Asks: 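This structure is in structure tokens; I'll ask about it shortly.
Predicted, not measured: the structure shown is a model, and the values here were computed from it. First listed ligand is number 1; within each ligand, the first listed atom is number 1.
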Amino acid sequence: MELEMDKLVSLCKRRGFVFPSSEIYGGINGFWDYGPLGVELKRNIKNAWWRDNVQSRDDVVGLDSSIIMNPKIWEASGHLGGFSDPMVDCRASKERYRADQIYVFAYVFPAVNPKGEPTEAWLAGLGGNPEEAAEGPEKRAAKLARKFGKPTEPPTIIPYLELSVEDRAKVIGPSTDERDTLTEPRSFNLMFKTFVGALENDSNVAYLRPETAQGIFANFKNVVDTARVKLPFGIAQVGKSFRNEINPRNFTFRSREFEQMEIEFFCRGEEAADWYAYWRKARFDWYTSLGLRSDRLRMRDHDAEELAFYSKATADIEYAFPFGVSELEGIAHRGDYDLSQHMKFSGKDLSYFDEEKKERIVPHVVEPSAGADRATLAFLCEAFTEDEVGGESRTVLKFHPRLAPIKAAVFPLVKRDGMPEKAQAIYRELRKNHNVFYDEKGAIGRRYRRQDEAGTPFCITVDSDTMTDDTVTFRDRDSCRQWRVPVAGAARALRDLLEGEAIPGGESS
Ligand code: GAP
């Protein structure tokens, strides 16, 4: 089944996973809020990342650096000079586009234009790749064909950045019918600017960080001096980053405020290639261990032309979202570029003394850099399932139990005969260790469906048998299988199930 993005977006809104930011004021483009279920899901993802990459390892420590830092950091990192995407403005529509996301479809129409020449109409489309960009031009070509006849050839597809200045003049922009309205690509800085203190002048300018990584490099010496770390070791950070993206789009995928989960792993230069290979695999396996098991998860190694000049290798972990295959996380072998830059700009010695080799070196860095919002979106896409149960269709989010916002829901079958009191006692017991939910309203089938849509792995129902034999019904979200468990063993049974124990008569989740 192909997931339609609209269905997922509407489920996220309806069930309280993700809301448009400031919605009561008409929203604000590129910003999103996580509702009661969404905040649990995203927090579970960040906690799983922290647990698996920091707390469960001997060689990675954590950090929480400030969002606003000395602007010199952004000079050293290259963000102030170079962290800009070439942008193209449309003089007619006043819209602004990322130049690398404009593809030109060079159509030639057979009929004559008013001057009696064949008409070339080069139609610009927007997208991360030519397939994604094709939709607009295809529709417009069909319209133009009514006027000028069917184009003679399938169009040549050319990235806008590769066109000559003369050819750019032939292009009709994505939201206009005129030619030659698109400007030359121009640089546009993506960092949000602010002022520190009362005065708004050039000497008080500061920036909201566009990545968490630089806070790690800036604290490298502090960590080495205080944490008893020895190469190879990593410093990890989870936190907000901000980019004034020109085209925020595809739901939360490209936002202006988002969260990153980054590790800077420091090692000796001669070991960096092995550590790069290690992290490239470890990070891919992390996603599969949490349920991104389908072939929608992919690894793409960058070609030599794509690499930053200092990077020896980079790979992207990509996911085939409904809107196209796009990056979830990048793993980069960055050489000693970052620490060397900060040594140059700060004038501080950030070298490391290797006790074993009795040698002072500038460590090399392998950087696995992930986005918490993109991971959340990928887990939502992967979990979204529509199936049929007992002849009725249902929507179910099949989250890995570690990520599920609610771990179990407890229901009394009916609101009488002592069942609510019994169910509430079980609920209070389970709540000590898990995020559980109590619900006594409506038909039991509807309550199950609501939990299926929230992605709750297990439902526990108190019924009339409970009142005589002190057992409850456990129900598994994915298979809808049901079995009975003694009330006294319910907490333990739930814990075991969440840790992956197989459901009776079924597979482990
Ligand atoms: N320190 C390296 C760095 O920041 P990046 O590829 O620019 O590299 C890393 O960003 C990750 O941050 C991306 O793979 C993505 O998951 C996330 N990310 C970047 N820009 C984003 C945006 N505008 N919205 C949501 N997530 C974003």
Asks: Please list, in number order, the atoms of ligand 1 under 4.0 Å from a heavy atom of A213.
Replies: 1 (N)

Asks: Counting only heavy atoms, which portion of R256 has something under 4.0 Å from ligand 1: side chain, backbone, both, or neither?
Replies: neither

Asks: Provide the full list of side-chain hydrogen bond (donor to acceptor under 3.5 Å, both in side chains) pairs with a residue in residues 363-373, sequence neighbours left out, each pair given once.
Replies: Y34-D373, K42-D373, E262-S369

Asks: Are the ring centres of F266 and F233 closer than 6.0 Å?
Replies: yes

Asks: May I ask you to say whether D301 pairs ionically with R280, meaning some side-chain N is under 4.0 Å from a carboxylate O?
Replies: yes

Asks: For atom 5 (P) of ligand 1, tell me which residue out of R243, E211, E329 has the closest non-hydrogen atom.
Replies: R243

Asks: Within a distance under 4.0 Å of any heavy atom of G371, pick out the atoms of ligand 1 and give their elements.
Replies: 16 (O), 17 (C)

Asks: Identify, by atom number and element, the atoms of ligand 1 in contact range of E327, meaning under 4.0 Å from any of its heavy atoms.
Replies: 6 (O), 13 (C), 14 (O)

Asks: State the atoms of ligand 1, each with its element, that fall below the 4.0 Å cut-off from a heavy-atom position in E262.
Replies: 1 (N), 2 (C), 3 (C), 4 (O)

Asks: Check each of D338, I331, L328 against atom 16 (O) of ligand 1 and report the one with the nearest heavy atom.
Replies: L328

Asks: I would like to know whether D354 and R268 meet salt bridge (Lys or Arg N to Asp or Glu O under 4.0 Å); could you show each step before the answer?
Replies: CA-CA 9 Å; D354 190 327; R268 295 184 61 92; 2.6 Å; yes

Asks: For ligand 1, find out whether one of its N or O atoms is nearer than 3.5 Å to an N or O atom of E245.
Replies: yes

Asks: Any cation-pi pair here, R168 with Y160, using under 6.0 Å and within 45°?
Replies: yes

Asks: Under 6.0 Å between the ring centres of F253 and F323?
Replies: yes

Asks: With a cut-off of 4.0 Å, which atoms of ligand 1 are near a heavy atom of E367?
Replies: 1 (N), 2 (C)

Asks: Run the ring-ring contact (aromatic ring centres under 6.0 Å, His included) test against Y276 and tell me which residues pass, sequence neighbours left out.
Replies: none

Asks: Evaluate Q260 for polar contact with ligand 1, using N/O atom pairs at a separation under 3.5 Å.
Replies: yes

